[in-house]
Amino acid sequence: MTPGNVDLTPFISPWWLPGGHLQTIAASLFAPPRVPLERERWNTPDGDFIDVDFCGEPGAGKQVVLFHGLEGSSDSHYARAIAGFAVKRGWRLAIPHFRGCSGEPNRTRRAYHSGDSEEIDWVLKRLGGPLYAIGVSLGGNALIKWLGERGAAAGALVRRAAAVSAPLDLGAAGEALDRGINRFLYTRHFLATLKPKTLAKLQVFPDLFDDAKVRAARTFREFDNLVTAPLHGFRDTDHYWAAAACGPYLEHVRVPTLVLNARNDPFLPEHALLEAARKAPPDVVLEFPPTGGHAGFVASPFSGGHRWLPRHLFEFLDPGFKDP
């Protein structure tokens, strides 16, 4: 039973999709259809911009915001699934893009990072509240960190929140992604887009990085040490991973919040997940199904496999939600 006495439908992975890697990869390979989106460009207080995609009627009675994951966007499989679900049920959805993730380089020296709760705060205040909030992976980490930093005051902007596959222990996640098959399957994939965007910044800000070292980076530890940490005021990778992780902020969350992580998520070892969540307060619902992968949660039948996640999130966000 959850805050507000909401019963949630448990996740059961299909027998023909075993293991965290397959459950993670299948979700992105077989993305649901797109829904029409309307884009707004918002100028930030520091002279930059973000692009925000909207769907659903502007006058809808309920509004939800979705913060995407690392190198994600409104076109990510989970964003498409949540958008389609929201529109069919009369909700208004906003998908703000972290800087540089909307298809156009941002203007300033900075980019975005896992602990960017100040950006979350600015976006939520610009949208106006109270509304509902969802964060996936990196976006979930930043959202939980913001909720913990604000405590009870967060309720003025957010009624309920949900985080999916948030890396509660960012250091453990970084180390896991830099090892073995994870480095081949996931880290290489992320760096394939992060590095070109980073190197493009050198055309405008030639003093930012060492070009050769960025090109040679093969792990998140190397990349974050060269780029993410110094760009956003952290001493090094270890300082960044420790300071940006949302796990230590969980105990201060006072808004009803669902934390959904699969125990077989390749990005975060189960022991680190359980340790990071052990001080969660009553307002935080921890849901750690044995399967689901990272932001996967593909269920049977395959043709409707992406429906479970958005339905589950809306079951929590709206205690009066009914979906036959």
Side-chain angles (χ1 to χ4, degrees), residues 8-9 11 24 26-42 50-104 112 119-120 123-124 126-143 158-166 258 260 292-299 301-318 321-324:
L8 301 177
T9 305
F11 176 74
T24 299
S28 59
L29 288 179
F30 302 97
R34 296 180 177 89
V35 301
L37 298 169
E38 298 175 1
R39 176 161 293 187
E40 292 183 7
R41 176 155 292 184
W42 293 359
I50 65 167
D51 289 325
V52 185
D53 287 347
F54 290 90
C55 61
E57 292 299 322
K62 292 181 178 178
Q63 184 178 20
V64 59
V65 57
L66 169 64
F67 296 102
H68 64 76
L70 180 65
E71 292 299 273
S73 70
S74 59
D75 200 41
S76 297
H77 64 86
Y78 51 82
R80 290 197 203 179
I82 292 168
F85 200 89
V87 168
K88 288 180 180 178
R89 283 145 190 88
W91 288 52
R92 175 78 162 167
L93 172 66
I95 308 175
H97 291 82
F98 289 110
R99 302 191 194 198
C101 290
S102 61
E104 184 177 332
Y112 69 102
E119 194 90 321
I120 300 290
V123 168
L124 290 173
R126 174 75 183 259
L127 286 169
L131 43 70
Y132 303 87
I134 299 170
V136 178
S137 195
L138 177 148
N141 186 89
L143 176 60
V158 173
R159 289 190 174 97
R160 283 177 171 250
V164 180
S165 301
L258 172 66
L260 174 64
H294 184 79
F297 300 103
V298 175
F302 197 80
S303 59
H306 284 276
R307 188 170 178 269
W308 182 88
L309 181 59
R311 183 183 66 190
H312 196 71
L313 297 176
F314 278 74
E315 285 176 345
F316 179 83
L317 295 176
D318 182 6
F321 174 76
K322 300 291 183 183
D323 187 48

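Residues take their numbers from the sequence shown, with the count starting at 1. The shown structure was predicted, so the numbers you read here are calculated from the model rather than taken from an experiment. Only this structure's heavy atoms are used, side chains among them; waters, hydrogens and symmetry mates stay out.
- For the side chain to side chain contact (heavy atoms under 4.5 Å, CB included) test, residues two or more places apart in sequence or in another chain that qualify with A142 are I120.
- Of all non-hydrogen atoms in G140 and A166, the two that sit nearest each other are C-CB, 3.8 Å.
- The distance from atom CZ of F30 to atom NE2 of H306, rounded to the nearest 0.5 Å, is 9.0 Å.
- A ring pair (Phe, Tyr, Trp, His ring centres under 6.0 Å) with H312 holds for exactly one of F314, F316, W308; it is W308.
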Can L66 and V136 be said to form a side-chain contact (heavy atoms from CB on, under 4.5 Å), step by step?
CA-CA 8 Å; L66 169 64; V136 178; 3.9 Å; yes
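- Here the shortest heavy-atom pairing between G56 and V87 reads N-CG2, 3.8 Å.
- Partners of Y112 according to the ring-ring contact (aromatic ring centres under 6.0 Å, His included) rule, which considers only residues two or more places apart in sequence or in another chain, are F98.
- In this structure, S76 has no side chain to side chain donor-acceptor pair (under 3.5 Å) partners at least two apart in sequence or on a different chain.
- Considering only heavy atoms from C-beta on, V52 stays 4.5 Å or farther from V65 through its side chain.
- By the salt bridge (charged side-chain N to carboxylate O under 4.0 Å, His left out) test, R126 is found to be paired with no residue, residues two or more places apart in sequence or in another chain being considered.
- Heavy-atom minimum distance, A60 versus G90: CB-O, 3.3 Å.
- R92 pairs by the salt bridge (charged side-chain N to carboxylate O under 4.0 Å, His left out) definition with nothing, not counting sequence neighbours.
- Sorted by first and then second residue, the pairs that involve residues 27-40 and meet side chain to side chain donor-acceptor pair (under 3.5 Å), not counting sequence neighbours, are R34-D75, R39-D53, E40-W42.
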Would V123 and F67 count as a side-chain contact (heavy atoms from CB on, under 4.5 Å) here? Give the steps.
CA-CA 10 Å; V123 168; F67 296 102; 3.9 Å; yes
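- For the side chain to side chain donor-acceptor pair (under 3.5 Å) condition, the pairs that include at least one residue of residues 60-70, sequence neighbours left out, are K62-D318.
- Applying the salt bridge (charged side-chain N to carboxylate O under 4.0 Å, His left out) rule to E104 yields the partners R41; only residues at least two apart in sequence or on another chain are considered.
- Distance CD1/I82 to CD1/I134: 4.5 Å, rounded to 0.5 Å.
- Rounding to the nearest 0.5 angstrom, the gap separating the CZ atom in R159 from the CG atom in L317 is 11.5 Å.
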Candidate pair F297 and V164, rule side-chain contact (heavy atoms from CB on, under 4.5 Å), full reasoning:
CA-CA 10 Å; F297 300 103; V164 180; 4.0 Å; yes
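- The minimum heavy-atom distance linking A27 with A295 is given by the pair CB-O, 4.2 Å.
- In this structure V158 satisfies the side chain to side chain contact (heavy atoms under 4.5 Å, CB included) test together with L124, L131, A133, W146, A161, V255, sequence neighbours excluded.
- A side-chain donor-acceptor contact under 3.5 Å links T24 to the backbone of H294.
- Taking both residues in full, the closest heavy atoms of F54 and A94 are given as CE2-CB, 3.5 Å, listed atom of the first, atom of the second, then distance.
- The backbone N or O of R307 sits nowhere less than 3.5 Å from a side-chain atom of R311 that would complete a donor-acceptor pair.
- Among all heavy-atom pairs drawn from A299 and F11, the shortest one is CB-CE1, 4.0 Å.
- Judged as a side chain to side chain contact (heavy atoms under 4.5 Å, CB included), and not counting sequence neighbours, the contacts of R99 are T44, D46, D48, I50, N106, T108, R110, E119.
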